[in-house]
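Each remark here refers to the structure printed beneath this line.
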Amino acid sequence: MVKIIADSTCDLSQELLDRYDIAVLPLHVLLGEKEYYDGVTVTPGDIFEWSEKNKKEPKTSAPTLEEAVALFRPYVGEGREIVSFSIAETMSSSGNIMRMAARELDAIKLISVVDSANLSTGMGLLVLEAAIMAQNGSSAAQIEERMKELKPRVRASFVVDTLMYLYRGGRCGGLTALSGGALKLHPKITVSDGKMHPGKRYRGNMRRVVMDYAHDLEEQLKTAQPDRVFITHSGCSPEMVNEVRAYLESLHIFREILETTAGGVVSCHCGPGTLGILFISK
């Protein structure tokens with residue numbers, strides 16, 4: 001069976017990783033001079049606490065070649081095909097590290113690397129589709145071809161409680177021109193073609209913002225694949241998440257509504273209180 005691997009920005013829960021036999025290659029999170037493994041030795045809470053205390057933005061970096069080689073080697077030794085997913089290559093060299101590992105192991109014919117052109121569960125949606133195909137006996141070539149079809153149909157967006165993390169990190173084009181007052185707004189951030197783009201700007205308390213954002217997605221949600229939708233957030237209250245879930249349930253579109261917490265890499269760049277609704281269109 002094809003082995004599915006993803007870097008840690010896929011933001012899939014441990015339950016999903018176990019259910020679909022997905023292995024994870026952690027990116028690195030840098031808090032000052034100290035380096036951690038995303039989802040292994042650092043949590044989003046640790047990141048927010050450090051950033052607030054030090055008034056600095058956390059940083060991230062790709063896995064090392066040695067780490068990728070060590071993860072791939074056992075599956076290569078078994079002669080298994082591997083399909084490995086990376087965060088958008090416009091955002092990290094994670095995918096390039098995976099390709100280098102394939103060459104290092106002399107396993108280019110066994111290892112396929114998919115640039116998700118996305119992040120968080122925008123990438124996670126593709127990873128799950130690939131893992132289901134693998135469990136159903138598809139080859140690596142079939143999975144890779146299917147991913148080409150699905151990538152442009154991923155709909156990934158979110159609203160943020162604070163713009164400071166995106167603003168400091170320079171990760172979202174168009175934010176650098178915002179004034180200090182504008183930083184109090186809550187823009188919708190859409191991910192497409194491997195980049196983050198600011199969109200509609202919401203005002204008011206975050207609970208209202210999140211529900212306005214959810215309702216604005218309704219027409220897109222009606223054209224979604226019904227398999228699953230993600231509610232992905234970085235530390236939002238259970239009440240807020242449950243309200244979004246109830247709204248999605250009321251639409252009677254999705255067979256599965258999955259909640260997951262954004263991992264360390266995404267939290268570094270988007271900050272606390274971020275919430276997104278992510279799905280694949282038909």
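Ion pair Asp21/Lys3 flagged as a salt bridge, since at least one NZ, NE, NH1 or NH2 atom sits closer than 4.0 Å to an Asp/Glu carboxylate oxygen. We find that Glu218 and Lys222 are joined by a salt bridge, their nearest charged nitrogen and carboxylate oxygen being less than 4.0 Å apart. Checked for salt-bridge contact, Glu243 and Arg207 meet the test: a charged N lies under 4.0 Å from a carboxylate O. One finds no salt bridge joining Glu35 and Lys59 here, because no Lys/Arg side-chain nitrogen approaches an Asp/Glu carboxylate oxygen to under 4.0 Å. Taking a cutoff of 4.0 Å between a charged side-chain nitrogen and a carboxylate oxygen, Glu89 and Arg99 qualify as a salt bridge.
Across all their heavy atoms, Ala88 and Asp115 have their closest contact at CA-OD1, 3.3 Å. Nearest heavy atom pair, residue Leu12 against residue Thr260, reads C-OG1, 4.1 Å. Scanning both residues, Pro63 and Ile97, for their nearest heavy atoms gives O-CG1, 3.6 Å. In plain terms, the two heavy atoms of Met91 and Gly194 that are nearest each other are CE-O, 3.3 Å. Heavy atoms only, all atoms of each residue included: Asp161 and Pro272 are closest at CB-O, 3.5 Å. A pairwise comparison of heavy atoms in Asp38 and Ser8 identifies OD2-OG, 2.6 Å as the closest pair.
Residues Leu258 and Ile231 have side chains not in contact (no heavy-atom distance under 4.5 Å, counting atoms from C-beta outward). In this structure the side chain of Lys200 reaches within 4.5 angstrom of the side chain of Tyr202, judged on heavy atoms. Between Ser61 and Leu27, the closest side-chain pair of non-hydrogen atoms is not below 4.5 Å. Residues Ser234 and Ser267 have side chains in contact (heavy-atom distance under 4.5 Å, counting atoms from C-beta outward). For the pair Ile82 and Leu110, the minimum side-chain heavy-atom distance is 4.5 Å or more. Taking the side chain as every heavy atom from C-beta outward, Tyr213 and Ile277 approach each other to under 4.5 Å.
Residue Asn54 places its CG atom among more than 12 non-hydrogen atoms of other residues, nucleotides or ligands, all under 6.0 Å distant. Within 6.0 Å of the CG atom in Asp106, the count of heavy atoms belonging to other residues, nucleotides or ligands does not exceed 12. Under a cut-off of 6.0 angstrom, the local environment of OH in Tyr247 is crowded, with over 12 non-hydrogen atoms contributed by other residues, nucleotides or ligands.
Rounding to the nearest 0.5 Å places CZ of Arg228 at 8.5 Å from CG of Leu16. Here the CE atom belonging to Met100 is positioned 5.0 Å from the CG atom belonging to Leu65, to the nearest 0.5 angstrom. Interatomic distance, OG1 of Thr90 versus CG of Asn118, reported as 9.5 Å (0.5 Å rounding). With rounding to the nearest 0.5 Å, the separation of CG in Leu150 from CZ in Arg146 is 4.0 Å. Here CD of Gln135 is found 9.5 Å from CZ of Arg19. Values are rounded to the nearest 0.5 Å. Atom CG in Leu126 sits 14.0 Å away from atom NZ in Lys148 (nearest 0.5 Å).
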message: Under the criterion side-chain hydrogen bond (donor to acceptor under 3.5 Å, both in side chains), I'd like the reasoning laid out for Asp11 against Ser120: C-alpha separation, chi angles, the key distance, then a yes or no.
response: CA-CA 5 Å; Asp11 287 350; Ser120 190; 2.7 Å; yes
field: Worked check of side-chain hydrogen bond (donor to acceptor under 3.5 Å, both in side chains) between Asp7 and Ser94
entry: CA-CA 7 Å; Asp7 75 36; Ser94 176; 2.9 Å; yes
field: Working for side-chain contact (heavy atoms from CB on, under 4.5 Å), residues Ser157 and Val191
entry: CA-CA 6 Å; Ser157 65; Val191 184; over 6 Å; no
query: Going through the distances and angles, do Ser93 and Asn96 end up as a side-chain hydrogen bond (donor to acceptor under 3.5 Å, both in side chains)?
result: CA-CA 5 Å; Ser93 60; Asn96 191 45; over 6 Å; no
- request: Could you give me the CA-CA distance, side-chain angles and deciding distance for Val2 and Arg80, then say whether side-chain contact (heavy atoms from CB on, under 4.5 Å) is met?
  value: CA-CA 6 Å; Val2 175; Arg80 292 177 67 178; over 6 Å; no
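Side-chain atoms of Tyr36 and Asp46 form no donor-acceptor pair, as typed in the model, at a separation below 3.5 Å. A donor atom on one side chain and an acceptor atom on the other are found under 3.5 Å apart for Tyr37 and Glu67. In this model, a donor atom of one side chain and an acceptor atom of the other lie less than 3.5 Å apart for Thr121 and Thr232. Counted by atom type alone, Ser192 and His197 present one or more donor-acceptor pairs between their side chains at under 3.5 Å.
Between Gln225 and the options Arg255, Arg153, Lys282, a side chain to side chain donor-acceptor pair (under 3.5 Å) holds for only Arg153.
Between Phe279 and Phe254, the two ring planes are tilted [angle within 30° to 60°].
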